[in-house]
Every structure is written in structure tokens, then in C-alpha cells.
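Fair warning: this is a prediction, and the values are worked out from it, not measured in the lab. Below, all heavy atoms of this structure are taken into account, side chains as well, without hydrogens, waters or symmetry copies.
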Amino acid sequence: MGSNEVPSVVNPLHPSIVDKVDPIFAEIYNRYQAPQLRADQVPYEVYNKDRPKYTFPTAKVSAGAPDVASNTIYKIPVSNPSGEIAIQVYVPTPDAIASGGLEKDGLLPALVNFHGGGFVIGGLESDESFCRTLCQRLGSIIVNVDYRLAPEYPHPVSATDSWEALKWTFGNAGKLKIDPSRVAVSGLSAGGCIAAVLALLARDEPSVPNLVAQVLIVPVIDARYIPTEGSCDPAKTPYKSYVDFEFAPMLPLHRLVWFYNLWIGTDESRAEKANDFRASPIVAESHANLAPAIIRCAEIDPLVSEGIAYHEKLTAAGTPSKLKIYKGQGHPFGHWDGANPTAKEFVSDCISELRAAFATK
């Protein structure tokens, strides 16, 4: 703090995007992010010693966390490598179930959610407000998954953990009072990549019921073109937003470089990992017969071109996909629904789309 208790600015909005960002998004950014370093601006070891110091205070701008009927954490075994992960199950109150109108024969639909954080940061608390809000406003069960993180657990552990979590959800549907014919997956950023991967795996696994939707929020879709350092060569990347929004707020290219170096490494195996559909779902052999996609992107985000490309890939393959791009917004805007009207719109959009998906069965 300075002498007048005004935070010093260490991360001002970059001149290349300052006139493109929505004023309310910019106000929130300037208040909470501009005065502090991001995780990617220090070595991982420094970040890991004091994670809160480099973590955006989402709780200050989210809409809050409504009470639910129950909130239970289960520890489940995972096998690649052997260990365990936490799964948090939110159950709506009786009033929310009644108003939601989605209960059938004593069973509720379920959304299985995967948090963001570049496969490196985040946890169950990352999407708590979002999960609780959807739980109560939909009258649906929400299953929130705490997959293991890089660099201690690099690719493909996030994907394999999450796949085991989805199968656990189906395997315990009776106990959890989940209707297995009405299960959807969702995720933000890295979690969006995981949700897209699970939609592919679920399609090809006869023992897993068909998913009713995949909600891909500002998703990672293609890991092949992020460099290990520096800027992207416009001639070598198909994604224009990598260049146009290299200095985007909250998720500049430098942050993607930091995440990907920790997640898929920098050695000779990186290209092989990036070409695995579990890191880049856009490279899967087929995108036909997948769960309908609900893709939500931020306009001022280096990942926006990937989201558009995946929408086009899905629709070309005959998989239904709905794409919406929120103008003037940066990458994590959806979490800011306590202070950002566009974030409120985004949450309402998700609820409407999921209600429609869950009501079709």
C-alpha cells in the first residue's frame, strides 16, 4: 500500500486490450488483480509456498453460496497412479427440488463439474458458489470433482482421475438418488477440456449411460500450439486469439505457457502429450454422436478461437452445439456474478440450458 492506502498497480490492463474490455470487468480487474502478482509471474515453488498470495479473491465478487440440503465429501480410489481424490456432492433443499420440477420417481439429474486452473491450481472451493447456485436454482444434484494437479500429477492424470470420478458417479447413482439417464458434465477452462474429454470417452464406453450435455466454459480445447516460452508465431497457429489477446486480462499467453509447461512438460514428449485427445479433444478421431455441447466463451480471451473451432468441429460432425461469446469479458468472468451483470447472465444461461437438457428425458 502507498501512503494513501491505494494499492500499487503491478498488472495494469495492457494497452492492446484496454479499450476492448467491458467497463465493469475492467473495474473488477483493476480493483482485485491489478495490484497483485499472478501465480505465473513467480516460479512454481514460490507460488506453492503461499498459494493465497497469488490467488484472485473470487469470493469478493461472486454472488455467494446459497445453503443446500447436504454437502458431502467422498474420498474415492483412483488408479493412475494409485491414490485417492475427493468428490463433493451437493444436494438441493426440498423447496428447490419442488420448484425445479426435475425430480422423477424420487431421482434427480446430476451435473458432474470439473474446476479450472490450468491443470495446476484450484480445487473444490474454486467453483463452490457456482455449484451451490446451480444446485439450488436447478433443483439438481451437483457432483464437484477434485482431480489431482500438475506438476506432481502431470497429464494425463487429470483426465484419468476425472474419468474414474464420472464412472464412480454412475456406479453410485442409486445411493446418491441420481437418475443415470440425466447426467451432464461441465467445466471451466481446464475443466472444460476435461468435460469435453469425458464426453468422448463416455460415447465410446458401452457401460456408461449417454450424457445429456457437455457444458464447456471458456474451455481448453487444443494444447498443441502454446509455446514453451515467448509469443506465438501468427504463421504457425490456427488460433487468431492467441495473437490478438496475448496480453488478455487474467489469462495472458504467459499464464498459459506457465500452466502448460507444468502440465505437459517441456521435454521431447510434449508434442506426443499435446496430440493426445485427452489434452486436445479437438484431435479426436470422431466428434459424431457426442452429448450436445453448450459452449460459453469470453471475447477477450486467448482461448476464444479454440472454443469457436470446437463448436464448428462438433456441428460439422452432426453433434448439436450452442455457442455464445460474452462481449468484453475476460477468461474467468463467469465467477464474478456478484458484481458483474454479464456473469449473472452467464449463470442464468447455464441454468436455462441445463434445465432444458435435464427435462428432455
Side-chain angles (χ1 to χ4, degrees), residues 1 6-14 17-18 20-44 46-65 113-133 144 146 149-150 187-193 217-220 245-260 262-263 296-304 326 328-344 346-347:
M1 291 287 192
V6 176
S8 58
V9 176
V10 296
N11 274 308
L13 288 169
H14 194 269
I17 54 86
V18 70
K20 300 175 182 177
V21 178
D22 175 83
I24 295 176
F25 183 98
E27 180 183 347
I28 296 168
Y29 177 90
N30 286 331
R31 184 174 214 180
Y32 295 108
Q33 181 62 74
Q36 69 177 51
L37 290 170
R38 303 184 309 267
D40 61 287
Q41 292 174 307
V42 298
Y44 175 76
V46 173
Y47 160 72
N48 204 31
K49 286 180 181 177
D50 188 3
R51 291 187 173 215
K53 181 177 181 180
Y54 306 100
T55 299
F56 184 88
T58 301
K60 293 184 178 181
V61 292
S62 69
N113 181 71
F114 304 89
H115 67 82
F119 309 95
V120 175
I121 66 178
L124 292 178
E125 72 287 349
S126 300
D127 292 348
E128 182 177 6
S129 175
F130 182 66
C131 289
R132 286 177 175 269
T133 298
N144 196 25
D146 195 21
L149 300 172
L188 184 150
S189 193
C193 177
I217 304 163
V218 292
V220 170
F245 304 126
E246 177 176 356
F247 302 103
M250 305 300 294
L251 189 71
L253 184 70
H254 183 275
R255 190 166 173 85
L256 286 171
V257 169
W258 189 80
F259 282 143
Y260 286 33
L262 293 166
W263 170 48
R296 296 293 179 260
C297 296
E299 182 188 30
I300 314 302
D301 183 347
L303 297 178
V304 63
Y326 295 84
Q329 301 301 306
H331 186 73
F333 80 99
H335 277 153
W336 299 359
D337 56 323
N340 185 346
T342 306
K344 295 179 189 290
F346 156 77
V347 172

Rounded distance (nearest 0.5 Å) linking atom CG of L188 with atom CZ of F130: 8.0 Å

4.5 Å side-chain heavy-atom contact, R38 and P252: yes

No-hydrogen, no-angle side-chain donor-acceptor test under 3.5 Å, N11 and Q41: yes

Beyond-backbone contact of F259 with L251, side-chain heavy atoms, under 4.5 angstrom: yes

Validation row: V21, P249 side chains within 4.5 angstrom (heavy atoms): yes

Atom of C297, atom of P219 and distance for their closest heavy-atom approach: SG-CD, 4.4 Å

Reported CE-to-CD1 distance for the pair M250 and I28, which is rounded to 0.5 angstrom: 10.0 Å

Closest non-hydrogen atom pair, L124 against N144: O-ND2, 3.1 Å

Closest non-hydrogen atom pair, T133 against G64: OG1-O, 4.0 Å

Nearest heavy atoms of G334 and V347, plus distance in Å: O-CG2, 4.2 Å

Residue pair D127 / H335, side-chain heavy-atom distance below 4.5 Å: yes

Show me the donor-acceptor pairs within less than 3.5 Å that the side chains of residues 48-59 make with the rest of the protein, sequence neighbours left out.
{"residue": "N48", "atom": "OD1", "partner": "R51", "partner atom": "NE", "Å": "2.8"}
{"residue": "N48", "atom": "OD1", "partner": "R51", "partner atom": "NH2", "Å": "2.8"}
{"residue": "R51", "atom": "NH2", "partner": "Y44", "partner atom": "OH", "Å": "3.1"}
{"residue": "T55", "atom": "OG1", "partner": "R51", "partner atom": "O", "Å": "2.6"}

Close side-chain approach of I121 and L149, heavy atoms under 4.5 Å: no

side-chain hydrogen bond (donor to acceptor under 3.5 Å, both in side chains) involving H331 - partner list, sequence neighbours excluded: S189, D301

Pairwise distance CD1(I300) to CZ(F245) - rounded to 0.5 angstrom: 4.0 Å

With sequence neighbours excluded, residues passing side-chain hydrogen bond (donor to acceptor under 3.5 Å, both in side chains) with E27: none

Set of residues satisfying ring pair (Phe, Tyr, Trp, His ring centres under 6.0 Å) with respect to F114, sequence neighbours excluded: none

Interatomic spacing from CH2 in W336 to CZ in F25 - rounded to 0.5 Å: 3.5 Å

Reported CG-to-OH distance for the pair L13 and Y29, which is rounded to 0.5 angstrom: 5.5 Å

Q33 (side chain) donor-acceptor with Q36 (main chain) under 3.5 angstrom: yes

Whether W258 and Y47 hold their rings parallel, tilted or perpendicular, with breakpoints at 30° and 60°: perpendicular

Criterion side-chain contact (heavy atoms from CB on, under 4.5 Å) on S62 and D337, from CA distance to verdict: CA-CA 5 Å; S62 69; D337 56 323; 4.0 Å; yes

N340: partners by side-chain hydrogen bond (donor to acceptor under 3.5 Å, both in side chains), with sequence neighbours left out: Q329

Pairwise side-chain contact, L256 with L303, heavy-atom cut-off 4.5 Å (strictly under): yes

For H115, ring pair (Phe, Tyr, Trp, His ring centres under 6.0 Å) partners two or more places apart: Y147

Proximity of Y326 and F333 rings by center, below 6.0 Å: yes

Heavy-atom closest contact (A190 atom, G118 atom, distance): CB-N, 3.7 Å

